Amino acid sequence: MTQELGITVRKDKKPSEWYTQVVKKAELAKYAEVKGCMIIKPYGMKLWESIKEEFNEKIEDTGVENAYFPLFIRESTLAKEEDIVEGFDPEVAWVTHGGDEELEEKIAVRPTSESVIAPYMADEIRSHRDLPFRVNQWANVVRWEATDTRPFLRTREFLWQEGHTAHATEESADEETMLRLDQYREIIEDHLAIPSILGYKPEHDKFPGAKYTTTIETLMPDGKSIQSGTSHQLGQHFAEAFEIEFEDEDSNTQTCWTTSWGLSTRTIGALIMAHGDNDGLRLPPSIAPVQTVIVPIYQEDNREKVMEYAEKVSEKLEQKGLRVELDDRDHRTPGYKFNEWELKGVPLRIEVGPNEVEDETVTTVRRDNSEKEMGINREEFIEEAEERLEEIQKGLYTELEKYLKENIREAESKQEILATIGKNRGYVKTRWCGKEKCEDEIKEEVSAEIVVLPFREDSKPASIQASDKHIDGECAVCGENAERWAYFAKNY
Ligand SMILES: [Zn+2]
């Protein structure tokens, strides 16, 4: 029984198989018939909906409204922005037929919606009074990737939100870009309990056509980095191509500055990998669909008494606003239930049996550190339940924070970068001249790249450009003058 239900490989030995088993056995998702597509099951969907709810609240509080744009884009529209097409063309899925008839112009399934939303903004924006103009959509997008696909981490169709804004000034667009990145940080760190590193993408790796791209990176236990959200300052490039203009206070026509920013179901992949262990998922209470599960332990002669007691505990916790599940399935043993809820990552398990009923107590087991506590007074427990969940949330974050700190290592030469990546993975912090060829030299040998150029701690992020020189010393690869710190890592 346990064999079949539980995870049969160790996370550190076979991370890839471990991941697939967790996704499947915790009932998050399954493969669909078309390669690279997935069925997100209700338990997995609840995670995404929780992220959606949290982020919606943040963006609505800061002036963004939700809308919906079409799945299909005309080829000529997509082609209008040449840079985008260059960046996405190999990955676009095309519709060539409508029913039996071949279409005169083929239609793209959106890989992103810049080229649809930009004309919309051009149409809606008239005057400086319309700015900043902000719109977001929750949608699916398709990128026909040929490489290995994995549920949540890399799928051809995935869910995301894409926010698009237009501004009167460069400063306003800079601020917007950073505000959204910071809101992603709040989601990733506070909601998902994963520490992160914020910064720019290198110039050659930014969103095609953007002024700059910012990223939030998280380090996975296998030492690889995941890009968990990006926010782009698009400059005036898109606004010029799509004529997104406004009339200023003196009735002069001006070109807008635009931004776009996106967070996808990939974050769920990061969540699974960051916190999961050999027994399955470990969910932070903030996002867990079930925060605490009550498992009653009874024999036939005391079933009624135990169940009555368990129901009372359940009701009281629900009244406190907790998401509670009382597992009253008669056909499953307590042992089976323990394993199943551990697999599904429920942060706190409550056990009640005849002893607990007698003493008016509960027994609890934390999912994050397996700590078992017996004989907790029932009323006290109910009173403190929220604090206990907060402790678990903090516990999960702190564990990863320690791991992250230990896995940023400095390197001062090419050999040292290669050796450090080879031996430890993680982030290798190094001085960099800003040239792509120095990154290529590393990439060729260990398939690690510059995943982030961390923000300077002593200045406002928005005021720095990827090309700004702000450190002394020499590039670890070529020995020329360094411009800034760069983090090399293997990535997903
Ligand atoms: Zn260099």
Side-chain angles (χ1 to χ4, degrees), residues 83 86-87 90 147 170 174 177-178 181 195-220 222-235 237 404-492:
D83 288 339
E86 214 173 281
T147 48
E170 181 173 15
D174 281 333
T177 308
M178 294 305 161
L181 184 71
S196 65
I197 291 175
L198 305 182
Y200 294 103
K201 280 286 170 191
E203 187 68 16
H204 55 264
D205 201 20
K206 66 185 184 185
F207 186 78
K211 185 181 151 204
Y212 59 80
T213 287
T214 65
T215 178
I216 171 164
E217 297 285 325
T218 53
L219 188 65
M220 295 297 111
D222 61 359
K224 286 162 85 174
S225 186
I226 288 192
Q227 181 178 296
S228 303
T230 49
S231 179
H232 316 285
Q233 214 281 29
L234 298 173
H237 195 70
L404 175 62
K405 277 188 186 147
E406 287 168 359
N407 282 282
I408 301 173
R409 299 177 180 85
E410 252 182 79
E412 290 183 356
S413 68
K414 182 180 164 183
Q415 278 321 309
E416 212 180 325
I417 297 172
L418 295 175
T420 310
I421 293 274
K423 187 171 169 235
N424 306 299
R425 292 206 180 173
Y427 294 118
V428 177
K429 180 184 177 184
T430 186
R431 289 181 180 81
W432 180 49
C433 63
K435 293 192 191 84
E436 190 177 0
K437 72 167 180 43
C438 288
E439 183 190 14
D440 286 344
E441 276 189 40
I442 302 295
K443 217 191 251 180
E444 275 162 27
E445 296 205 37
V446 286
S447 68
E449 59 186 80
I450 296 173
V451 293
V452 60
L453 308 171
F455 291 143
R456 201 157 101 185
E457 278 166 21
D458 63 347
S459 78
K460 274 194 191 150
S463 65
I464 321 167
Q465 290 303 298
S467 58
D468 275 0
K469 176 180 162 57
H470 69 259
I471 57 166
D472 292 322
E474 292 157 2
C475 173
V477 181
C478 70
E480 284 172 29
N481 282 341
E483 284 189 339
R484 52 187 305 134
W485 290 105
Y487 281 28
F488 278 92
K490 286 177 181 282
N491 61 356
Y492 277 93

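For ligands, and for the atoms within them, numbers begin at 1 and follow the listed sequence. On a predicted model such as this, the values are computed, not experimentally measured, just so you know.
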Would you mind writing out the side-chain donor-acceptor pairs for residues 409-416 within the sub-3.5 Å range, not counting sequence neighbours?
unit_1 : atom_1 : unit_2 : atom_2 : d
R409   : NH1    : N407   : OD1    : 3.2
R409   : NH2    : E406   : O      : 3.4
R409   : NH2    : N407   : OD1    : 3.2
S413   : OG     : E416   : N      : 3.1
K414   : NZ     : E441   : OE1    : 3.1
K414   : NZ     : E445   : OE2    : 3.3
E416   : OE1    : E412   : N      : 3.1

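- Partners of T215 by side-chain hydrogen bond (donor to acceptor under 3.5 Å, both in side chains), not counting sequence neighbours, listed by chain and number: E217.
- Listed by chain and number, the protein atoms of type N/O/S under 2.8 Å from the Zn ion (ligand 1) are C433 SG, C438 SG, C475 SG, C478 SG; waters are omitted.
- Within the 6.0 Å centre-distance limit, the rings of F455 and Y200 are counted as a close aromatic pair.
- The cationic atom of K429 (NZ for Lys, CZ for Arg) does not lie both less than 6.0 Å from the six-membered ring centre of Y487 and within 45° of the ring axis.
- Between the side chains of Y427 and S225, at least one donor N or O sits under 3.5 Å from an acceptor N or O.
- Residues that satisfy the side-chain hydrogen bond (donor to acceptor under 3.5 Å, both in side chains) test with D440, not counting sequence neighbours, are absent from this structure.
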